[in-house]
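All values reported here derive from a predicted model rather than from experimental measurement. Just the heavy atoms: all of them, side chains too, but no hydrogens, waters or symmetry mates, feed the values below.
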Amino acid sequence: MSSALDHDASSATGTATRGDASTALELELRHVQKAYPGSRQPAIPDLSLTVPAGEVCILVGPSGSGKTTAMRLINRMIPLTGGDILLGGRSVLERPETELRREIGYVIQQVGLFPHQTVRDNIATVPRLLGWPKDRIEHRVRELLELISLDPDEVGDRYPHQLSGGQRQRVGVARALAADPPLLLMDEPFGAIDPINRASLQDGFLALQERVRKTVVFVTHDIDEAIKMGDRIAILREGGTLAQYATPAEILDHPADAFVADFIGADRALKRLGLASLADVTLRPLNGDQPAGDLPVSTSVRDALAAVLAAGGRPLRVLEPDGGVRGLATLEAIGHVLGGAGELDGTGRPPARGQP
Ligand SMILES: Nc1ncnc2c1ncn2[C@@H]1O[C@H](COP(=O)(O)OP(=O)(O)OP(=O)(O)O)[C@@H](O)[C@H]1O
Ligand SMILES: [Mg+2]
């Protein structure tokens, strides 16, 4: 499943990077304030953060912390109360709203497909507005349907109510990507999708992002999804204030306060291991042991731990991409990492343990 998606992802990006591919733009929220009329507290009192061009910023936080509000402010679906938002250094307030929205792909939380249009027409919305020729639109729609693992001939002419909830959500992602926008806003795009399809969509999206390098703001409730997908994570707390904005590794290593530590979970040491790979571990040399199986060196330390445990604690052989043997992954080797005594490189510092 995921390999088929990878293939589709690369063919889709082949087109996306050809022709009128747009460059990603930096997004800056500058003292953004939003108070809904009639509310006693502002949904967002004062939010500043910058997403560098081509990076994925994940917004996480409890329900009501202002994530959707922030997204809707960025493409001016709702007006700012104060502050400014700059896209590529230019205030969104200076831009005609229609022009701005064509430049920003948006996957909304409740999908929001047009119910009386086919899947094909839904995906083609922005390319049609931009006046693309018919055959180019048709080609792009097919490509995007393949990217989201839907058969263009089977579902292209269906209406949204003839799809499952997860399929609708995937069509929403395809529609947002259609015109290759420099900024993508994704509000829980994979929220209603089962874990297997979700992992494969995440992988497909990351493969696509690797090639097209959009600036992306991505909302999720799933901290594991945030750690996997984000170049940076912005954690909002109730009341719409920013608790921490940093890379996944920084947040796991140094949560700013008890709220963040609680939010990322008691298993943050294990999550941190998910960001290190066997390439970061001092392996034991192979000296006549009978390994229980093989693992690629690219395996995360967390997955390697699970694999060794599943093998009843017996060591596993670690293989280089060319098939060469790198060494043995043993419980002790991994245990050293967990204990903070293993050798991890600069990006894979062992998690802080028992510190005051
Ligand atoms: N149209 C509106 N009018 C008044 N208040 C609103 C409106 N939309 C949202 N709010 C309030 O603003 C706050 C932030 O809402 P928002 O939808 O941004 O939260 P969220 O972080 O996206 O939550 P969730 O995780 O549940 O989607 C909430 O207190 C909400 O009740
Ligand atoms: Mg929301």
Side-chain angles (χ1 to χ4, degrees), residues 1-2 4-6 8-9 11-13 16 56 58-60 63 67-72 74-75 77 101-102 104-130 137-181 183-209 212 214 216-222 224-226 228-229:
M1 174 103 205
S2 83
L5 191 75
D6 288 347
D8 294 341
S11 72
T13 48
V56 178
I58 308 280
L59 274 185
V60 293
S63 183
K67 304 178 297 294
T68 299
T69 298
M71 306 283 254
R72 300 176 81 201
I74 293 168
N75 75 351
M77 285 174 70
R101 282 182 214 144
R102 281 173 207 177
I104 300 177
Y106 190 21
V107 185
I108 66 171
Q109 195 166 2
Q110 252 63 46
V111 187
L113 296 179
F114 304 119
H116 304 299
Q117 287 186 17
T118 63
V119 165
R120 197 182 301 280
D121 288 343
N122 263 286
I123 295 175
T125 303
V126 176
R128 241 184 3 247
L129 287 170
L130 294 172
I137 293 180
E138 172 62 22
H139 182 251
R140 183 67 176 154
V141 168
R142 290 194 82 83
E143 199 169 56
L144 286 162
L145 280 169
E146 280 162 17
L147 169 72
I148 57 168
S149 303
L150 291 177
D151 181 347
D153 298 314
E154 201 188 317
V155 306
D157 294 319
R158 287 203 209 160
Y159 290 88
H161 76 270
Q162 296 167 313
L163 300 174
S164 73
Q167 288 169 335
R168 276 199 291 276
Q169 207 146 15
R170 285 189 269 163
V171 172
V173 174
R175 185 176 63 177
L177 284 170
D180 196 26
L183 173 66
L184 259 186
L185 306 177
M186 306 176 81
D187 199 345
E188 302 198 47
F190 310 144
I193 294 169
D194 66 275
I196 291 173
N197 274 308
R198 187 177 178 129
S200 125
L201 270 174
Q202 290 168 346
D203 293 341
F205 183 77
L206 287 174
L208 185 76
Q209 173 63 3
V212 297
K214 300 290 174 199
V216 181
V217 184
F218 186 114
V219 173
T220 181
H221 273 108
D222 175 350
D224 292 307
E225 184 167 76
K228 175 174 174 182
M229 307 289 284

**OP:** I would like to know whether V219 and T68 meet side chain to side chain contact (heavy atoms under 4.5 Å, CB included); could you show each step before the answer?
**Re:** CA-CA 8 Å; V219 173; T68 299; 5.7 Å; no
Original post:
How long is the span from the CG atom in L185 to the CD1 atom in I74, to the nearest 0.5 Å?
Top reply: 5.0 Å
**OP:** State the CG-CD distance between L147 and E143, to the nearest 0.5 angstrom.
**Re:** 8.5 Å
**OP:** Mind checking the CE-OG1 spacing from M186 to T220? Nearest 0.5 Å is all I need.
**Re:** 11.0 Å
Original post:
Going by the angle between their ring planes, with limits at 30° and 60°, are F190 and F205 parallel, tilted or perpendicular?
Top reply: perpendicular
Original post:
Okay, side chain of Q167, backbone of Q162: is any donor-acceptor separation there less than 3.5 Å?
Top reply: no
Original post:
If you measure from CG on L177 to CZ on R175, what distance do you get to the nearest 0.5 Å?
Top reply: 11.5 Å
**OP:** Compare every heavy atom of P181 with every heavy atom of A176, then report the nearest pair and how far apart it is.
**Re:** O-CG, 3.5 Å
Subject >> Where L113 and R168 come nearest, the two heavy atoms and their spacing >> reply: CD1-O, 3.7 Å
Subject >> CG-CZ distance between N122 and R128, expressed to the nearest 0.5 angstrom >> reply: 8.5 Å
**OP:** Could you tell me which non-hydrogen atom of L144 sits nearest to which non-hydrogen atom of A174, and how far apart they are?
**Re:** CD1-O, 3.6 Å
Original post:
Sub-3.5 Å donor-acceptor pair from the side chain of K67 to the main-chain atoms of D187, do we have one?
Top reply: no
**OP:** Identify the heavy atoms of G156 and T118 that sit nearest to each other, and give their distance.
**Re:** O-CB, 3.6 Å
**OP:** Please test M71 against Y106 for side chain to side chain contact (heavy atoms under 4.5 Å, CB included), starting from the C-alpha separation and ending with a verdict.
**Re:** CA-CA 9 Å; M71 306 283 254; Y106 190 21; 3.8 Å; yes
**OP:** Answer yes or no: is there a side-chain heavy-atom contact under 4.5 Å between V107 and Q169?
**Re:** no
Original post:
Atom CD1 of I137 and atom NE2 of H139: how far apart are they, to the nearest 0.5 Å?
Top reply: 13.0 Å
Subject >> Intermediate values then yes/no, side chain to side chain contact (heavy atoms under 4.5 Å, CB included), L59 and F218 >> reply: CA-CA 6 Å; L59 274 185; F218 186 114; over 6 Å; no
Original post:
Just by modelled atom types, is the M77 backbone N or O under 3.5 Å from a matching donor or acceptor in the R72 side chain?
Top reply: no
Original post:
Are the charged groups of E225 and K228 less than 4.0 angstrom apart, N to O?
Top reply: no
Subject >> Side-chain donor or acceptor of R142 paired with backbone N/O of P152 under 3.5 Å >> reply: no
Original post:
Taking R140 for the side chain and A124 for the main chain, is one N or O donor matched with an acceptor at less than 3.5 Å?
Top reply: no
